[in-house]
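Here the structure is a predicted model, which means the values were calculated and not measured. Chain identifiers are assigned alphabetically (A, B, ...) following the order of the sequence lines, protein sequences preceding nucleic acid strands; residue numbering begins at 1 within each chain.
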Amino acid sequence: MNNKKIHTQLIILDNEEINSSHFRLHIELPADCPHIQPGQFAEFYVPPTLQSFLRIPLSIHFVSDKEIQFLIQIKGEGTQYLKTLQKGDKIDTILPLGKGFTIPTNKKVALIGGGCGIAPLLFLSDQLAANNNLQHIFLGFRNYEQVMLIDDFKKYGEVIVSTDDGSFGDKGVITDIFEKKLEKFDYVYSCGPTIMINKVIEICKHNNLYCEVSLETLMGCGIGACLCCAISTKNGNLRACIDGPVFDSNLINNLNY
Amino acid sequence: MNNKKIHTQLIILDNEEINSSHFRLHIELPADCPHIQPGQFAEFYVPPTLQSFLRIPLSIHFVSDKEIQFLIQIKGEGTQYLKTLQKGDKIDTILPLGKGFTIPTNKKVALIGGGCGIAPLLFLSDQLAANNNLQHIFLGFRNYEQVMLIDDFKKYGEVIVSTDDGSFGDKGVITDIFEKKLEKFDYVYSCGPTIMINKVIEICKHNNLYCEVSLETLMGCGIGACLCCAISTKNGNLRACIDGPVFDSNLINNLNY
Amino acid sequence: MNITVEIGKLKLKNPILTASGTFGYGQEFEDFFDPSILGAIITKGTTLEPREGNNYPRMAETSAGMLNAVGLQNKGVHYFINEILPAIAKYQTNIIVNVAGNAVEDYVETVSLLNNIDRVDAVELNVSCPNVKHGGMQFGTNYDLLKELLQKVRKTYNKTLIVKLSPNVTKIEDFALLCQDEHADAITVANTYLGMAIDINTMKTKLATITGGLSGPAIKPITLRMVYQCAQVVNIPIIASGGIISWQDAIEYLLAGASAVQIGTANFINPSISQDILHGIEQYLLQKNIKNIKEIIGAMKSN
Amino acid sequence: MNITVEIGKLKLKNPILTASGTFGYGQEFEDFFDPSILGAIITKGTTLEPREGNNYPRMAETSAGMLNAVGLQNKGVHYFINEILPAIAKYQTNIIVNVAGNAVEDYVETVSLLNNIDRVDAVELNVSCPNVKHGGMQFGTNYDLLKELLQKVRKTYNKTLIVKLSPNVTKIEDFALLCQDEHADAITVANTYLGMAIDINTMKTKLATITGGLSGPAIKPITLRMVYQCAQVVNIPIIASGGIISWQDAIEYLLAGASAVQIGTANFINPSISQDILHGIEQYLLQKNIKNIKEIIGAMKSN
Ligand SMILES: Cc1cc2nc3c(=O)[nH]c(=O)nc-3n(C[C@H](O)[C@H](O)[C@H](O)COP(=O)(O)OP(=O)(O)OC[C@H]3O[C@@H](n4cnc5c(N)ncnc54)[C@H](O)[C@@H]3O)c2cc1C
Ligand SMILES: Cc1cc2nc3c(=O)[nH]c(=O)nc-3n(C[C@H](O)[C@H](O)[C@H](O)COP(=O)(O)OP(=O)(O)OC[C@H]3O[C@@H](n4cnc5c(N)ncnc54)[C@H](O)[C@@H]3O)c2cc1C
Ligand SMILES: Cc1cc2nc3c(=O)[nH]c(=O)nc-3n(C[C@H](O)[C@H](O)[C@H](O)COP(=O)(O)O)c2cc1C
Ligand SMILES: Cc1cc2nc3c(=O)[nH]c(=O)nc-3n(C[C@H](O)[C@H](O)[C@H](O)COP(=O)(O)O)c2cc1C
Ligand code: FES
Ligand code: FES
């Protein structure tokens with residue numbers, strides 16, 4: 001298996017608007033693309049501005065035999081620039097980076113995603129399905145306007161949606177729903193805001209469920225060289241970019257950022 | 001007469017390619033545009049890069065009742081950016097800046113321009129013609145490839161062209177040609193590389209001709225606030241951006257940059 | 001909403017000032033906005049005698065910054081008082097004169113002249129200009145020299161005295177404390193950083209003076225740290241100057257402990273930026289429901 | 001064309017080094033280019049005992065720069081010697097260990113361990129890390145402390161000793177001269193600038209440690225000036241470190257007097273940038289018909 005990283009110019013195939021603050025970039029799968037695991041990420045180069053000049057880390061959202069997709073939330077100038085990319089444009093990319101999720105076979109699993117944290121879960125879901133796992137997919141959003149990609153997930157398992165204000169699906173934070181509908185899952189996977197991750201970890205610990213979480217930190221390099229992306233773990237400070245971003249939740253000390 | 005400066009977003013009407021390193025921007029004349037003199041300039045805002053973040057000063061090349069034109073040589077990232085502008089794009093502009101050329105009536109005048117230094121001379125030539133002056137226009141270029149806008153100038157007077165290598169027009173530097181064809185000009189105007197300006201000043205002094213030169217310096221602000229654009233003159237250091245860029249050549253000490 | 005701040009005996013209607021040497025005498029900006037809306041205008045560095053400044057080239061662009069080596073070109077304090085001041089006296093805001101000199105006596109004579117001029121509301125002592133051979137930065141980087149200078153100036157000048165510190169020092173807090181001890185009313189943190197640039201084609205320095213002063217967004221993190229450090233040790237107000245190009249930058253400085261901010265290099269990119277920054281600050285306070293700007297001065301919390 | 005340079009007893013096949021803390025141990029970059037092409041690799045700051053470094057958040061982006069407060073996270077010199085070195089010994093280039101410590105004794109013990117390790121070609125003494133409470137910058141900003149440290153280290157360590165200076169000082173030349181007097185083989189000019197940033201929404205500092213080290217293109221003009229100033233006073237080689245992101249930047253430093261350059265933050269933006277910079281320098285020399293890179297070291301002319 002080729003697990004080298006590549007640094008290359010990739011071609012944009014499509015820039016799909018999802019809602020007012022999210023879009024999905026479809027990028028041509030390069031010929032020499034190494035094997036990509038769900039949970040890995042890429043680092044994009046964007047033209048420097050007076051606000052920022054480092055690369056932007058983004059989770060791999062989906063991989064098909066033709067393309068790699070990214071689900072992106074507009075935050076600052078970097079993601080705004082990505083939003084302007086059009087079919088045919090090129091983007092300087094390093095990928096695949098980091099350690100991904102474990103993919104078991106024939107298990108019962110739960111996925112818990114919040115907001116744009118659902119990004120890496122779609123490819124995960126796809127790969128879990130390919131390996132015959134039974135999936136319960138919990139997706140939480142702020143409100144109806146923010147709800148997205150439900151149909152994409154429905155292909156792979158049962159999807160439970162909640163919104164904080166109840167404007168779509170169940171009312172409440174998704175971790176509460178997850179706790180209520182708890183079963184004896186063999187694997188739990190989660191990605192989303194810190195507060196959600198902490199809660200998922202707590203629930204799983206309490207119920208003795210094996211859980212993997214994908215963690216977002218500020219990153220200087222994305223390749224393990226700068227030590228800016230420290231995650232406090234039972235084994236000391238680890239690097240989110242190379243020791244993660246996916247971690248066994250038992251390792252993680254309470255996230256306080 | 002309204003001689004205020006305005007700071008505004010202007011609309012690109014056309015981006016005309018002149019040759020491999022020069023292009024001409026046609027910009028909509030704003031409704032509230034103050035009176036513009038030949039020799040004045042504008043300051044354009046371009047997105048900051050790691051190379052530069054100040055505005056770019058450019059001479060006003062031509063003004064019609066509909067548009068303002070700029071003749072631009074591609075030098076670094078700023079001018080490269082301007083080259084990418086297209087019809088409908090907007091550009092943040094401050095204009096008109098500085099002091100322009102004197103426009104007499106019914107005189108015999110000479111214009112000497114070198115390379116992209118011909119930029120402000122076209123509008124000057126237009127205004128000189130409108131005031132019934134007889135013009136001898138000397139334009140010097142490096143080689144045939146660089147020769148440009150001859151026909152634009154021919155409308156206003158007799159045009160004499162030279163190239164350093166003789167690939168078009170007379171062979172030699174344009175100041176030599178000017179010196180050979182010297183007549184009793186009432187006014188001499190010049191804009192171009194420092195070495196050319198120095199030579200024109202010398203010739204005029206020697207032959208007792210009144211001469212106005214337009215000088216390019218590095219500029220911090222373009223509006224007289226920073227004192228970065230110092231020109232050494234008989235009256236001490238003056239500011240190219242507000243006391244110039246057009247100066248009576250008798251004032252100027254030898255330019256040594 | 002109250003956005004007034006006090007600097008010594010001065011009441012500023014708002015904390016937005018324009019930095020010395022980057023705003024001319026205000027007149028150059030009249031077409032873009034009314035300087036009267038500012039908390040104060042700070043003049044170009046003014047010396048006892050007229051000065052021609054340094055040779056050209058005097059500037060170079062750098063990453064998110066610029067180097068300048070203007071070298072205090074100005075027509076001298078007499079010309080300022082007689083010719084310039086009458087023309088700008090109309091601005092309904094404070095006029096602060098930035099004063100520089102070669103020797104202690106120059107400073108003293110200059111401030112003693114200004115002491116009697118009603119319309120000059122304060123003096124900002126420039127002990128930090130990196131662009132002149134004699135005078136300037138030597139005072140700002142030498143504790144004992146600065147002490148002597150401050151003692152003599154303070155004896156001569158009774159109105160609000162602001163000292164503009166040099167950032168080119170190991171421990172700016174020491175200089176801040178010295179200013180407080182010698183009864184300066186406020187400090188400006190800070191002037192430009194000594195820097196340089198080389199043209200690799202000609203292999204020559206880009207500035208005639210070899211080195212010059214670095215300003216612009218590039219320096220903001222360093223000057224912000226210095227403002228914070230000074231705010232930990234002095235009680236006199238701190239005026240921040242370094243790389244402010246947005247209202248967000250200005251708020252950072254206020255949170256770090258500055259009572260007012262100066263807009264410098266940013267004036268060159270957008271001549272009405274001070275107005276925009278003023279409005280941005282007002283919006284921020286409104287949105288955060290902060291009634292008095294003083295509530296955010298030094299309000300930064302640790303992570 | 002000859003592009004070799006000498007740093008103490010070391011012969012470098014070219015003047016391109018990677019800066020401590022920005023290149024891991026080289027392994028992280030193997031997919032992008034072969035670290036063996038470099039003049040040398042400089043390791044992450046190494047201490048006697050393992051260190052966990054500072055709390056998160058450890059970085060913030062700024063205009064043309066970044067702040068970091070990693071705080072010397074590393075597994076200690078023993079782990080380095082036993083576990084890391086064997087894995088990177090294969091690189092056909094010099095390995096320079098960046099050494100940091102709390103107290104003089106830590107430094108001395110660490111370098112004495114490294115003195116006996118064949119594959120460690122030199123030590124870069126980090127007396128300038130702004131991100132740790134004890135040790136680090138205190139040595140680089142205090143002349144007497146540094147003197148004591150250098151004397152003790154020099155007695156213990158016989159191979160090439162490079163001292164990495166702090167730029168957070170009033171007069172870097174003094175520290176450069178001290179290094180020369182105390183028989184350091186070379187100096188690195190310079191480490192990061194102490195800076196900070198504030199999140200105006202949360203009103204909190206962006207770094208857990210409040211302040212951190214500023215690196216990147218923003219600082220280049222200042223560090224370039226320091227390299228130039230040091231080159232005027234010392235004869236030992238100077239290694240430049242500060243904001244290099246292009247071969248043009250590297251050439252500027254060579255012209256200012258550096259014998260070699262370190263690529264730091266730029267590695268994060270383009271992991272094979274060192275290779276590009278090396279090629280760019282070769283092209284420049286070729287185009288200018290310069291046969292030996294030493295001809296351009298310190299060759300800057302005045303304007
Ligand atoms: C491993 C990893 C995977 C990620 N995957 C995705 C994804 O699939 N889709 C997506 O939309 N975003 C993802 N992010 C977050 C994304 O990197 C940031 O939103 C982006 O860098 C913001 O850049 P900007 O220039 O637009 O905004 P900036 O102006 O740089 O920042 C805007 C805001 O976002 C915060 N921010 C900036 N960088 C990060 C970061 N690296 N992590 C968390 N917060 C940050 C800042 O603190 C600030 O508040 C991921 C981050 C990591 C580390
Ligand atoms: C009053 C005035 C009028 C001008 N009119 C024109 C014009 O009509 N057409 C035109 O093409 N150019 C004109 N220039 C020059 C133009 O401003 C520069 O070429 C431009 O700023 C370069 O920007 P850049 O980002 O592309 O290149 P940069 O990367 O900034 O610079 C590339 C090269 O150009 C030189 N340069 C940069 N700025 C200036 C400057 N202000 N003056 C002289 N050299 C400079 C630099 O030293 C460098 O060698 C004028 C300059 C002034 C001061
Ligand atoms: C072109 C220029 C001229 C300056 N002249 C002076 C001066 O005369 N006196 C002074 O105290 N500071 C002077 N400064 C420093 C500024 O007032 C300001 O302190 C510095 O530029 C940092 O702020 P900024 O980054 O916002 O520009 C000058 C700065 C520039 C860029
Ligand atoms: C994330 C990071 C970690 C660093 N760690 C160290 C270190 O351990 N030891 C050291 O001497 N310098 C360290 N530095 C400083 C760099 O080696 C370099 O001197 C500095 O960043 C300036 O160069 P640059 O602008 O090219 O990055 C670090 C810099 C960064 C950005
Ligand atoms: S982001 Fe640099 S080590 Fe993880
Ligand atoms: S460019 Fe600022 S005064 Fe002329």
Does A/L10 reach the side chain of A/P30, with side-chain heavy atoms less than 4.5 Å apart?
-> yes
Check: A/M196 and A/V173 side chains under 4.5 Å, non-hydrogen atoms | no
For the atom pair CD1 (A/I27) and CD1 (A/I68), what is the distance rounded to the nearest 0.5 Å?
-> 7.0 Å
Report yes if the side chains of D/L38 and D/L17 come closer than 4.5 Å at any heavy-atom pair, otherwise no.
-> no
Can you list every ring-ring contact (aromatic ring centres under 6.0 Å, His included) pair that touches residues 48-76 of chain A, not counting sequence neighbours?
-> A/F44-A/F70
Between chain D and chain A, which donor-acceptor atom pairs come closer than 3.5 Å, counting both backbone and side-chain atoms?
residue: A/K5; atom: N; partner: D/D31; partner atom: OD2; Å: 2.8
residue: A/L50; atom: O; partner: D/S63; partner atom: OG; Å: 2.5
residue: A/F53; atom: N; partner: D/E61; partner atom: OE1; Å: 2.7
residue: A/L54; atom: N; partner: D/E61; partner atom: OE1; Å: 2.8
residue: A/R55; atom: NE; partner: D/I269; partner atom: O; Å: 2.6
residue: A/R55; atom: NH2; partner: D/I269; partner atom: O; Å: 2.9
residue: A/L218; atom: N; partner: D/Y56; partner atom: OH; Å: 2.6
residue: A/L227; atom: O; partner: D/R58; partner atom: NH1; Å: 2.7
residue: A/N237; atom: N; partner: D/E52; partner atom: OE1; Å: 2.7
residue: A/N237; atom: O; partner: D/Q73; partner atom: NE2; Å: 3.1
residue: A/N237; atom: ND2; partner: D/E52; partner atom: O; Å: 2.6

Could you have a look at A/L218, A/L54, A/I6 and say which one has the most heavy-atom pairs with chain D under 4.5 angstrom?
-> A/L54
Option in D/G216, D/A218, D/G65 with maximal non-hydrogen atom pairs under 4.5 Å from chain A | D/G65
So which part of D/F32 gets closer than 4.5 Å to some heavy atom of chain A, the side chain, the backbone, both or neither?
-> side chain
With sequence neighbours excluded, tell me which residues meet salt bridge (Lys or Arg N to Asp or Glu O under 4.0 Å) with A/K83.
-> A/E17
Heavy-atom side-chain proximity of A/I242 to A/I223 below 4.5 angstrom | no
For A/Y210, the ring-ring contact (aromatic ring centres under 6.0 Å, His included) test, sequence neighbours excluded, returns A/Y187
Which bit of A/I94 comes within less than 4.5 Å of chain D, counting heavy atoms only: side chain, backbone, both or neither?
-> side chain
